Number of protein chains: 2
Amino acid sequence: MPSTIRDVARASGVHISTVSRTFSAPHMVNSETRSRVLATAESLGYRPNRAARALITGQTGNVGLIVADIANPFFPPLIKAAQSQARGRDYNIFVAETDEDPMAEEDLVHALAKQVDGVLLCSPRMSNDLIEKLSKEVPLVLINRSVPSLPCVLMDVGQGARQAVNHLIGLGHTRIAILGGPRGSWTSREIRKAAVVACRAADLDPIVIGPNQPTVDGGMAVAEHVARESACSVIAYNDLMAIGVIEGLNSLGIRVPEDVSVVGFDDSALARISRPRLTTVSNPTPAAGRMAVDMLLQLSDDRRAAGQVMLQTELVVRGSTGPAGSSSDTSTERR
Amino acid sequence: MPSTIRDVARASGVHISTVSRTFSAPHMVNSETRSRVLATAESLGYRPNRAARALITGQTGNVGLIVADIANPFFPPLIKAAQSQARGRDYNIFVAETDEDPMAEEDLVHALAKQVDGVLLCSPRMSNDLIEKLSKEVPLVLINRSVPSLPCVLMDVGQGARQAVNHLIGLGHTRIAILGGPRGSWTSREIRKAAVVACRAADLDPIVIGPNQPTVDGGMAVAEHVARESACSVIAYNDLMAIGVIEGLNSLGIRVPEDVSVVGFDDSALARISRPRLTTVSNPTPAAGRMAVDMLLQLSDDRRAAGQVMLQTELVVRGSTGPAGSSSDTSTERR
DNA sequence: ATGAAAGCGCTAACAC
DNA sequence: GTGTTAGCGCTTTCAT
């Protein structure tokens with residue numbers, strides 16, 4: 001039922017190649033014929049079939065974006081920014097989700113490969129080797145993951161982790177727990193490394209717990225472990241986990257921030273809603289989404305383009321952290 | 001660089017149509033040749049180009065899903081369910097977002113039209129006429145919107161609204177405010193209609209406020225209005241707004257649920273996190289997503305299929321509602 | 001400036 | 001069971 005280039009050609013009395021030019025190279029066609037073609041196209045409701053065009057040009061006008069979990073509030077701002085950036089450049093974004101399943105990542109890349117000009121891989125969990133292999137099939141830009149030789153946009157969570165540790169130390173905390181995220185997460189590793197180094201620099205021995213499920217439930221699940229270690233503060237892989245630990249601690253009768261301080265990561269919308277308000281490291285996710293799109297589109301023009309981009313993060317202090325208290329610090333009892 | 005059907009044909013010494021059949025009708029090819037073709041295809045990393053196939057078959061294997069705002073926690077569960085349902089049937093889902101802009105809806109449908117076998121329109125804000133026009137260009141299934149003659153899956157929010165009103169009346173509330181959602185929202189209209197009827201049935205005159213932005217900020221913005229009307233309870237269009245009103249009321253020195261009770265809609269993940277826990281009407285969003293996908297795929301097989309589906313909703317009572325108090329009920333002072 | 005013809009990767013009759 | 005041929009909707013030389 002939708003009309004094709006042939007219908008327009010017939011109805012406006014020109015050859016299909018003229019219609020084609022009218023849309024893909026307007027300046028190459030007489031302005032008179034052009035407006036006539038445009039008019040009949042309009043009246044027939046004709047729109048060029050991008051998929052058919054892609055068969056020849058190799059350009060689909062689409063880009064893929066693969067994320068782990070749409071329900072994780074970390075992603076929506078990134079997705080929104082990427083989508084609007086892409087639309088501004090007349091590209092569509094197709095968002096797909098792996099549901100935290102590393103196996104699904106590869107399938108999704110394959111499924112998208114032929115329908116897009118490139119794929120944005122956000123926080124992938126798969127191996128470097130696999131990523132490199134896939135990058136042979138379709139241009140890839142990584143977000144929150146560093147693979148040598150592939151373009152990527154990174155957020156300097158290490159810096160945020162250092163700020164978080166120093167913030168806690170400044171408040172008098174000594175037993176700091178670090179809650180890791182999912183296995184394979186570059187971000188989780190960077191946070192842990194930086195936090196551990198910062199702790200050691202202050203002669204502290206951090207308690208590392210993980211990997212964990214990066215969700216509220218994941219946070220609740222480790223609350224008991226945190227309590228058992230008699231940590232007086234916690235740095236969680238993300239806001240979801242931070243909220244989960246707080247919940248879990250509360251139900252053990254431990255209050256935040258009076259007894260234990262908690263720092264999250266992401267500064268998601270949740271951080272300003274939950275009680276207490278979350279002290280958290282803010283990530284420039286919208287900027288990351290925009291840059292990633294731009295890097296990907298540049299990649300088509302210029303294969304050499306694009307290296308690594310590192311974006312800054314920053315600790316935002318709110319209500320979930322406070323001076324080291326005494327009530328929960330059973331470490332004193334144990335000595 | 002990616003290999004085509006011709007490469008495989010050459011490498012395995014058969015004609016391209018045999019390769020084609022190997023993938024689209026395996027039973028029509030000798031099992032011996034089939035495995036040989038499959039093997040060389042594997043070694044060449046060949047994967048059929050779905051877009052090219054679609055040019056002939058008219059079947060892309062993709063479905064589009066258009067939502068208003070990925071950051072609104074109402075959508076992610078629906079998206080996830082739709083995505084997994086689709087993948088189970090070997091379809092990809094392309095998610096696109098309008099950012100609450102009604103103009104973007106039409107553009108997006110057009111952008112997707114040729115690349116998908118159908119589009120799921122979730123909570124569209126555009127006119128019935130436009131929706132019907134678009135349904136001529138690409139199969140459409142509506143979610144949270146009823147247009148005569150188009151398949152849709154609806155959630156019976158009216159029922160939930162009645163439950164909410166009766167819950168509040170049971171707690172002794174008399175001045176009930178109803179916060180509408182965005183202009184053009186079918187859900188908002190249904191909630192308002194049902195809530196108003198339920199109030200009138202109890203000889204109450206509800207305070208209707210709206211339309212409003214369906215976000216936390218939108219909720220905060222109406223808090224003052226709610227206070228000015230000296231409402232003792234509020235039914236908000238969604239959880240986001242409910243949380244916003246609570247925030248706004250708090251900053252006016254009004255406590256929830258002691259002074260004012262608040263009911264939300266959606267039972268999103270937020271409802272179990274925010275303080276107080278939200279009393280809210282739960283929507284079967286995952287079921288809606290699954291059903292919508294199935295209806296859309298059925299539509300391809302059988303044009304007559306699919307009418308309207310109505311899913312049930314249910315009030316979940318938590319901490320944001322309580323007995324009608326006295327402190328904020330300045331209506332007594334005014335009498 | 002426009003038309004003719006070839007072909008992108010693939011499927012679908014139709015022969016053999 | 002497999003090869004032949006035509007063609008999906010479109011772009012792109014190459015002529016004219």
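Letters A, B, ... mirror the listed sequences (proteins, then strands); counts begin at 1. Nothing here was measured: the structure is a model prediction, and the numbers come from that model. Values reported hereafter were calculated over all heavy atoms of this structure, with side chains retained and with hydrogens, waters and symmetry mates removed.
- Salt bridge status for A:Asp101 with B:Lys80: absent, with no side-chain N to carboxylate O gap under 4.0 Å.
- Minimum heavy-atom separation, A:Leu65 to A:Ala82: CD2-CB, 4.3 Å.
- Nearest nucleotide to the B:Thr18 side chain, out of D:dG3, C:dA5, C:dG9: D:dG3.
- Residue B:Met28 contributes atom CE, which lies 13 Å from atom P of C:dC14 at whole-angstrom precision.
- Contacts of A:Val19 with the nucleic acid, taken as non-hydrogen atoms under 4.0 Å apart, are absent.
- Shown here for A:Arg34 and A:Pro26, the closest heavy-atom pair between the two residues is NE-O, 3.4 Å.
- Put simply, CZ on B:Arg21 is 8 Å from C1' on D:dG1, counting in whole angstrom units.
- Taking atom CG on B:Leu55 and atom P on C:dT11, their separation rounds to 11 Å, with Å as the unit.
- In this structure, A:Phe23 reaches neither bases nor backbone, as no heavy-atom distance under 4.0 Å exists between it and the strands shown.
- Side chain of B:Arg50 to main chain of A:Lys114: no donor-acceptor pair is present (N/O by atom type, distance under 3.5 Å, no hydrogens or angles).
- In this entry the distance linking CD1 of B:Ile16 with C1' of D:dT2 reads 12 Å, nearest Å.
- Between the side chain of B:Arg50 and the base of C:dG9, no donor-acceptor pair under 3.5 Å is found.
- One interatomic measurement links the two molecules: NE2 of B:His15 to C1' of D:dG3, which rounds to 6 Å at whole-angstrom precision.
- A:Arg6 has its CZ atom 15 Å from the P atom of C:dG3, to the nearest Å.
- Side chain of B:Asn49, nearest nucleotide from D:dG1, C:dC10, C:dA12: C:dC10.
- Each of A:Thr4 and B:His27 lies near DNA chain D, and the nucleotide nearest B:His27 is the one positioned closer to the 5' end.
- Between B:Ser20 and C:dT11 there is a side-chain polar atom (N or O) within less than 4.0 angstrom of OP1 or OP2.
- Taking atom CD1 of residue B:Ile56 and atom P of nucleotide C:dT11, one finds them 7 Å apart after rounding to whole Å.
- Comparing C:dG9, D:dT2, C:dT11 against the side chain of B:Thr33 picks out D:dT2 as the nearest.
- Panel note: side chain A:Asp117, backbone A:Gly61; a donor-acceptor pair is recorded below 3.5 Å.
- Atom pair B:Ile5:CD1 and C:dG9:C1' shows a separation of 7 Å (rounding to whole Å applied).
- Residue A:Ser17 is in base contact, counting any heavy-atom pair closer than 4.0 Å across all strands shown.
- Residue side chain B:Arg34 does not reach the base of D:dG1 through any donor-acceptor N/O pair under 3.5 Å, judged by distance alone.
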